[in-house]
Amino acid sequence: MANLSALAGYLDAASTEPLHPAAREALLRALDGAWADPARLYGGARRARVRLDEARARVAGVLGVRPDEVAFTTSGTQAVQLAMLGSLRARRRVGRHLVVSAVEHSSVLHTAEAHERDGGSVTVVGVGRSGRVDPDEFAAALRPDTALACLQSANHEVGTVQPVAEAAEACRAARVPLLVDAAQSVGRMYVPDGWSFLAASAHKWGGPPGVGVLVIRKGTRWRSPLPDDEREGRRVPGFENVPGAVAAAAALEAYRSEMEGDAPRLSALVDRIRESVTRTVPDVEVVGDPVRRLPHLVTFSCLYVEGEALLTELDRLGFAVSSGSSCTADTLRPSHVLEAMGVITHGNVRVSLPRAVDSSDVERFLAVLPDAVARLRRTAGVGPA
Amino acid sequence: MRFRGRTRRDAEPAAPPPAPAGPPPVLVIDALGRKCPIPIIMLAERIREVPVGQIVAVLADDVAARTDVPAWCRMKSQDFVREEQLPRGWGFHIRRTY
């Protein structure tokens, strides 16, 4: 984040948020002062251990959980995989049924596929046009042999916030543990309580890459699906990334306190984009819930335009955005999210605003978008309708 | 488990469920082998060739068309009649409404 000009036109915070200045400072300090093996007994090692446990306590504080419920992983994906596989393993005697929503992150869906290949069964709960899960439908999918249910806090492609509180209540009544993939929400908005597992990713909140968070609430049955390893309370294998964890905690605290003020500003810019795109681009559909949504993310689809071509054109114009319809976006293609919602899967653009976004960047984007879309449509031989 | 199955609830089912054949299309657009959005572009271009109230069919084998054709009909207020499975790909039947 030192180089502000590198951030100009960066509108892809949902892929990764630029490193927060507080995280950069904490990372550099910890690289120098907390590099020793936190499992050893000499002074430098003990200092690294203290820094790691401080980071754990700070993350726990923001999440509203106990420090010993927090484990640092190498990514959000690893947190999801460990939570799912470890829960399914620990509850094998209860049953082998898994519930997921149709619009989960690919890490959840691919783990569900692996579970199914392994002889388990999976119920996929669909979504409405806005991408939101119906809590009653989610509750109805729970069975006596359900080992685990998974619901994201908010959708990564369209920003729709999911009914986590209602799902947690249904899971509590059915005595089924709930995994909340909160990668898109942590640090940005409140995540309801009542879940058993939570997965998150530091680089989404301005922390460094290579740090995820797995929370396992007290009393939740979980058994590592991996060979024995003593690190991170026997939950996550491998040498701890202490500097990364320290920086992640610093970013989360900073981000969380700033988002109180930043979220309304970003949300207003998103409203501005939603309004402007609908007005200035013909044959466009803004997708996702307009109200129950992440503060910083908006997605729209332009008819008759190829997603990748549009991203390339916007890149040429100086804007970094993402697309669920990009063929390289995911191994599940076309976008399983857009497909589950029943909306156009091509010509899709996801705009997600980083913390420090300049509103003039957004205005420049809105100014060039209509012509970019029109040019691509002309190239494809689509005349003005 | 099907990620790209029709897992959503079709709140506005475009096709009356047991309409086995329906009226035959007066125009068939062959978009087999073409990737989305080409089938949609071809449909948008040529739907004016059929009289209002008549059926146009699009043949496509890009799986994205299964989502995009009904979504296009919803956006453009055209009437999505049905999808039929073909030996290769699908046939999508659309009634021109205006």
Which atom names give the shortest non-hydrogen contact between Lys76(B) and Leu303(A), and what distance separates them?
CD-CD1, 4.0 Å
So what's closer than 4.5 Å to chain B heavy atoms on Ile344(A): side chain, backbone, both or neither?
both
How far apart are the closest heavy atoms of Ile41(B) and Ala380(A), and which atoms are they?
CD1-CB, 3.9 Å
If every non-hydrogen atom of Tyr304(A) is compared with every non-hydrogen atom of Pro37(B), which pair is closest and at what distance?
C-CG, 3.9 Å
Atom group of Val287(A) that falls short of 4.5 Å from chain B, counting heavy atoms
neither
Are more than 12 heavy atoms, taken from residues, nucleotides or ligands other than Arg34(B), located less than 6.0 Å from that residue's CZ atom?
no
Heavy-atom count check: over 12 atoms from other residues, nucleotides or ligands less than 6.0 Å from Arg89(A) CZ?
yes
When Thr67(B), Asp62(B), Val63(B) are each screened for side chain to side chain contact (heavy atoms under 4.5 Å, CB included) with Thr345(A), the one that passes is Thr67(B)
Does any part of the side chain of Ile38(B), heavy atoms only, come nearer than 4.5 Å to the side chain of Glu306(A), both counted from C-beta?
no
Counting only non-hydrogen atoms closer than 4.5 Å, does Val103(A) touch chain B with its backbone (N, CA, C, O), its side chain (CB onward), both, or neither?
neither
Compare every heavy atom of Ile40(B) with every heavy atom of His346(A), then report the nearest pair and how far apart it is.
CE1-CG1, 3.8 Å
Among Cys36(B), Ala44(B), Ala71(B), the residue with the most heavy-atom pairs under 4.5 Å to chain A is Ala71(B)
Please report the interatomic distance CZ(Arg74(B)) to CZ(Arg129(A)), rounded to the nearest 0.5 Å.
4.0 Å
